Amino acid sequence: MSGKRPHVVIVGAGFGGIKAAKLLAREDVDVTLIDRNNFQLFQPLLYQVSTSMLSIDEIAYPIRTFFRKNKNVRFMLAHVQGFDAKNKEVITPYGHVKYDYLILAAGSTTNYFGMNKLAYSTYGMKTLREAIHIRNHVLHMFERAEREKDPDVRKKMLTFVCVGGGPTGIEEVGSLSELVYIAMKDEYHGLDLNEVSIILIEATDKVLPMMPPDLRDETVRILKKKRVDVRLNTQVVDCDEDGLTLKDGTKIATRTVIWAAGVKAVPMIAKFGAEVDRAGRIIVGKTLQVPGHPEVFAIGDCAHLEQDGHPLATIAPVATQGAVVCVANVKSLIKGQNKLQEFTYHDVGSMATIGRGQAVMCKGSWKMKGFFAWSAWLTVHLIRLAGAHTNITVALKWAWNWLSGIRLGRIITNIPDNRDSNT
């Protein structure tokens, strides 16, 4: 880098961060992209890793590969420890990185809504490591249950609970049901799969709140058909090694609780010192600038911006559309222009898959369900995956699973996790 051109630092290599870096790579600026991982994770398909459908290299793409032809983009593998806004520096273990412009796009983490103990007794669904832990753990439970003589202990091992009725929770339990009752149904000769319980818990009175009522009802109907016990208006208050405790005092004996109930900004974002909301997201203006710091922008899951009276959702299209406006405003500031674009999110619709051949989707008053919605879901997610190799391998795996139900990703790997240490 020459050091003479404007230096833009991007914290986070998720959907928004990568989009911003790609746009800036075409400009006469130097870009430093900082992330604690060396890959971009396609989070919408994490549940398919956790349920043995896909492999890790099919939902993660090396960050450096995006920019192999862009000499003005540098990637830095580092954990951001904080910021020095006065001196315009990002603090990392390897020194301070100076910036002329800063884009905060660090994404989100699991929200336990103040019940922080749950972080140690449940499985989150936000990182690649968490998805692999779920896959290992679920497979371990079946291996252990087949040799377990105590029926109560065996029942606890074969009870799987997912908390959260949003797209992540719906997709997780739907895929888990197919893993158990289709992919593995003839393989555990010492087990009666009728002992398996898959439970979806939602604190409100509905799943998929972004969907119209008839699609929500259709989702619940299909899940029940897949032998998923859907419990609405059910709140969790505690979880330990013996199971889950609900607000009404009911206890569910289980060894597996997957937490998909909400997200919040990564804690590092609050270290910038700007005003944040209850989810730790920086409250930004319509130009996506951080108040008091016109050279700093926040986008995606770490930015709070209201539209039509509600905060924008923490979804990929919000992050990528925000990145476009953010980069346009950075370019304007570099040129000395004071008139900046205001961000308005253009709704691209909502969708969720419930299993093979079943999905729901809507945009405004338009809606669709069943096989055609599922086909559209497959197409949209294939297009968003990075790399032609990934597109081909994932498409082939989905096709093979559709025809046979087989999931060859059921490999237990030796990733340390004290909950599996007695296996």
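Here the structure is a predicted model, which is why all the values come from computation and not from measurement.
- Of all heavy-atom pairs spanning Gln235 and Ala203, the tightest one is CG-CB, 3.9 Å.
- Interatomic distance, CD of Gln358 versus CG of Leu223, reported as 10.0 Å (0.5 Å rounding).
- The shortest distance between side-chain heavy atoms of Ile283 and Val276 does not fall below 4.5 Å.
- For the salt bridge (charged side-chain N to carboxylate O under 4.0 Å, His left out) condition, the pairs that include at least one residue of residues 87-96, sequence neighbours left out, are Glu89-Lys98.
- Remark: the backbone N or O of Leu382 is paired with a side-chain donor or acceptor of Asn391 at under 3.5 angstrom.
- Sorted by first and then second residue, the ring-ring contact (aromatic ring centres under 6.0 Å, His included) pairs involving residues 220-272 (not counting sequence neighbours) are Phe83-Phe272, Tyr112-Trp259, Phe272-His293.
- The closest side-chain heavy-atom distance from Arg407 to Ile182 is not below 4.5 Å.
- Annotation: the span from Ile103 atom CD1 to Glu295 atom CD amounts to 12.0 Å, rounded to 0.5 Å.
- In this structure, Pro44 and Glu171 approach most closely via the heavy-atom pair O-OE1, 4.0 Å.
- No option in Leu158, Leu179, Val228 other than Val228 meets the side chain to side chain contact (heavy atoms under 4.5 Å, CB included) test with Ile198.
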task: Could you please spell out the steps behind the ring pair (Phe, Tyr, Trp, His ring centres under 6.0 Å) verdict for His137 and Tyr123?
output: CA-CA 10 Å; His137 176 76; Tyr123 291 87; 4.8 Å; yes
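- Side chain to side chain, Asn70 and Asn72 fail the donor-acceptor criterion of an N or O pair below 3.5 Å.
- Two residues are said to be in side-chain contact when any heavy atoms from C-beta on lie closer than 4.5 Å; Phe15 and Ile315 fail this criterion.
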- request: Starting from the C-alpha separation in whole Å, work towards a yes-or-no answer on side chain to side chain donor-acceptor pair (under 3.5 Å) for Thr51 and Ser175.
  value: CA-CA 6 Å; Thr51 55; Ser175 187; 2.7 Å; yes
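- Rounding to the nearest 0.5 Å gives a distance of 9.0 Å between CD1 of Ile299 and OG1 of Thr320.
- Between the Arg216 side chain and the Met211 main chain, a donor and an acceptor come within less than 3.5 Å of each other.
- Under the 4.5 Å side-chain criterion, counting only non-hydrogen atoms from C-beta, Phe343 is in contact with Leu312.
- For Asp240, there are no salt bridge (Lys or Arg N to Asp or Glu O under 4.0 Å) partners two or more places apart in sequence or in a different chain.
- Not a single donor-acceptor pair under 3.5 Å links the side chain of Thr32 to the backbone N or O of Arg74.
- A distance-only check finds no donor-acceptor pair linking the side chain of Thr109 to the backbone of Val266 [under 3.5 Å].
- Arg221 meets the salt bridge (Lys or Arg N to Asp or Glu O under 4.0 Å) test with Glu218; sequence neighbours excluded.
- Screening residues 387-409 for ring-ring contact (aromatic ring centres under 6.0 Å, His included) gives Phe371-Trp402, Trp374-Trp402, Trp377-Trp398 as the qualifying pairs, with residues at least two apart or on separate chains.
- Applying the side chain to side chain donor-acceptor pair (under 3.5 Å) definition to pairs two or more places apart or across chains, those involving residues 34-47 are Gln43-Lys126.
- Counting only distance, with no hydrogens or angles, the side chain of Asp84 and the backbone of Asn87 share a donor-acceptor pair below 3.5 Å.
- By the neighbour-count criterion of 12 heavy atoms within 6.0 Å, atom CZ of Phe113 is densely surrounded, having more than that number from other residues, nucleotides or ligands.
- Looking at residues two or more places apart in sequence or on another chain, you find a ring-ring contact (aromatic ring centres under 6.0 Å, His included) between Phe142 and Phe160, Tyr188.
- Residues satisfying the salt bridge (Lys or Arg N to Asp or Glu O under 4.0 Å) criterion with Glu241, sequence neighbours excluded, are absent altogether.
- Panel note: side chain Lys271, backbone Gln81; a donor-acceptor pair is recorded below 3.5 Å.
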query: Could you walk me through whether Asp100 and His7 pass the side chain to side chain donor-acceptor pair (under 3.5 Å) check?
result: CA-CA 5 Å; Asp100 296 305; His7 185 204; 5.7 Å; no
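- Between Met141 and Thr256, some side-chain heavy-atom pair lies under the 4.5 Å cut-off.
- Contacts classified as salt bridge (charged side-chain N to carboxylate O under 4.0 Å, His left out) and involving residues 113-124 (residues at least two apart or in different chains) are given here: Lys117-Asp238.
- Between Ala298 and Ala303, the shortest heavy-atom contact is O-CB, 3.4 Å.
- Tyr99 places a side-chain heavy atom less than 4.5 Å from the side chain of Val90.
- In terms of heavy atoms, Cys302 sits closest to Leu104 at SG-O, 3.2 Å.
- For the pair Arg231 and Glu202, the salt-bridge criterion is not met [side-chain N within less than 4.0 Å of a carboxylate O].
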task: Assess whether salt bridge (Lys or Arg N to Asp or Glu O under 4.0 Å) is satisfied between Glu187 and Arg410, documenting all intermediate values.
output: CA-CA 12 Å; Glu187 297 186 355; Arg410 291 178 288 114; 2.7 Å; yes
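- From Asp277, atom CG reaches atom CG of Leu305 across 11.0 Å, with rounding to the nearest 0.5 Å.
- For the residue pair Ser50 and Glu172, a side-chain donor N or O sits within less than 3.5 Å of a side-chain acceptor on the partner.
- We find the CD1-CD1 distance between Ile132 and Ile412 to be 13.5 Å, quoted to the nearest 0.5 Å.
- For residues 297-325, no residue pair satisfies the salt bridge (charged side-chain N to carboxylate O under 4.0 Å, His left out) rule, not counting sequence neighbours.
- Listed by first and then second residue, the salt bridge (charged side-chain N to carboxylate O under 4.0 Å, His left out) pairs involving residues 157-168 amount to none (not counting sequence neighbours).
- Judged by a 6.0 Å distance limit and a 45° cone about the ring axis, Arg384 is not positioned over the six-membered ring of Phe42.
- Checked by atom type and distance alone, the side chain of Ser55 never pairs as donor or acceptor with a backbone atom of Asp57 at under 3.5 Å.
- Between Phe75 and Phe67, the gap from one ring centroid to the other reaches at least 6.0 Å.
- Met268 has its side chain within reach of Val11: a pair of non-hydrogen atoms, C-beta onward, lies under 4.5 Å apart.
- Here CG of Leu208 is found 4.5 Å from OG1 of Thr219. Values are rounded to the nearest 0.5 Å.
- Side chains of Arg281 and Ile269 form no contact here, defined as non-hydrogen atoms less than 4.5 Å apart.
- Contact between Pro291 and Val284 at its shortest, heavy atoms only, is CD-CA, 4.3 Å.
- The pair Glu58-Lys397 meets the salt-bridge criterion, since a charged nitrogen lies less than 4.0 angstrom from a carboxylate oxygen.
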message: If you apply the rule side chain to side chain donor-acceptor pair (under 3.5 Å), what do you find for Ser197 with Lys155, and how did you get there?
response: CA-CA 8 Å; Ser197 295; Lys155 179 61 177 175; 2.6 Å; yes
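- Applying the side chain to side chain donor-acceptor pair (under 3.5 Å) test to every pair with at least one member in residues 359-372, sequence neighbours left out, gives these pairs: Asp214-Lys367.
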